[in-house]
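Step one of this worksheet: look at the structure below.
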There are 2 protein chains.
Amino acid sequence: MEPRTLQLMELQTQQQMELQAQQPTEEGGSIQAAGSSANTPIRPTNNRWTPTLDQLRILQELYYDKVLKSPTPEQIQEICLHLQQYGQIEGKNVFFWFQNLKARER
Amino acid sequence: MEPRTLQLMELQTQQQMELQAQQPTEEGGSIQAAGSSANTPIRPTNNRWTPTLDQLRILQELYYDKVLKSPTPEQIQEICLHLQQYGQIEGKNVFFWFQNLKARER
DNA sequence: GATCTATGAATGAACG
DNA sequence: CGTTCATTCATAGATC
């Protein structure tokens, strides 16, 4: 499979990021497991992870500005830890995110 | 095709605001060069690609007759190039067309 | 012209 | 790492 000549999929042509209004609710800070509501989940799906706007912004900054295309496990861990304040996220999510973006950049 | 129940999409909900600055390398910039050729798509809409009858016929022939389910990037490029004489089309359109048909066949 | 359906597009996850 | 799968979002076009 030769991918060289393909320039498909503009990276983030139109990220479906609905700026859903922040729930002004005052619910307690109890951690919601894989649920969704406390930390701006963005998408109503429960199964797969979706970055919050803040997470996405940071990830893109790392990728494009800092030119970090393939983070090491340590970096992944570090990034993940940092992003957790913006919503639920695991190391593998970070890993996949970078891997996918890199693969689709061409 | 599997008849799946569509979830109601509130109009207000899907206001997708492009938060991020548009990447200057957007293919959407070039509108289909003044159609009015022989094989104009059903409508001169810029938004999403829709195959012309000829394009569709060829794609289906490749998929069903030639049993080409997952074209390689070269094949995609080749197909795309061939189909361009029947209307505007990009590599990613071909790519998605095959991916979608294959995914929905099961 | 509102609703429904087929299908283009996107992307997280996983495979070989 | 390139490719493939799964699921979802978005919308063109048909139908009512």
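These numbers were taken from a predicted model, which means no experiment stands behind them.
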field: Under 3.5 Å donor-acceptor, A:Gln77 side chain and A:Glu74 backbone
entry: no

- request: Look at the side chain of B:Gln75 and the backbone N and O of B:Thr72, then say whether any donor-acceptor pair between them is shorter than 3.5 Å.
  value: yes

In whole angstrom, give the distance that lies between atom [atom1] of [X] and atom [atom2] of [N].
X	N	atom1	atom2	value
B:Trp49	C:dA10	CH2	P	13 Å
B:Phe98	D:dA6	CZ	C1'	20 Å
B:Leu101	D:dC5	CG	P	13 Å
A:Glu90	C:dG12	CD	C1'	13 Å
B:Phe95	D:dG2	CZ	P	13 Å
B:Ile76	D:dG2	CD1	C1'	12 Å
B:Lys69	D:dC5	NZ	P	11 Å
A:Gln55	C:dG12	CD	C1'	13 Å

Please list, for nucleotides 14-16 of chain C, all pairs of protein and nucleotide N/O atoms separated by less than 3.5 Å.
none

task: Select one nucleotide: of C:dG8, D:dC1, C:dA9, the one nearest the side-chain heavy atoms of B:Trp97.
output: C:dG8

Nearest to side-chain heavy atoms of B:Asn93, which nucleotide of C:dA9, D:dT3, D:dG13: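 The nucleotide sitting nearest to the side chain is C:dA9.
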
task: Could you tell me whether the phosphate oxygens of D:dT4, OP1 or OP2, come under 4.0 Å of any side-chain nitrogen or oxygen in B:Lys102?
output: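 No, outside the criterion.
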
- prompt: Side-chain N or O of B:Asn47 less than 4.0 angstrom from OP1 or OP2 on C:dG8?
  reply: no

field: Partners passing side chain to side chain contact (heavy atoms under 4.5 Å, CB included) against A:Lys92 (at least two apart in sequence or in another chain)
entry: A:Glu90, A:Phe96

query: Is there side-chain contact between A:Tyr86 and A:Leu53, with heavy atoms separated by less than 4.5 Å?
result: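 A side-chain contact under 4.5 Å is absent here.
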
query: Hey, are the side chains of B:Ile79 and B:Leu68 touching, using non-hydrogen atoms and a 4.5 Å cut-off?
result: yes

query: Is a donor-acceptor contact shorter than 3.5 angstrom present between the side chain of B:Arg104 and the base of C:dG8?
result: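 Yes, the side chain and the base share a sub-3.5 Å donor-acceptor pair.
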
field: Presence of donor-acceptor pair under 3.5 Å, side chain of B:Arg48 and base of C:dT7
entry: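 Yes, the side chain and the base share a sub-3.5 Å donor-acceptor pair.
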
query: Where does the angle between the aromatic ring planes of A:Tyr63 and A:Phe98 fall among parallel (under 30°), tilted (30 to 60°) and perpendicular (over 60°)?
result: tilted

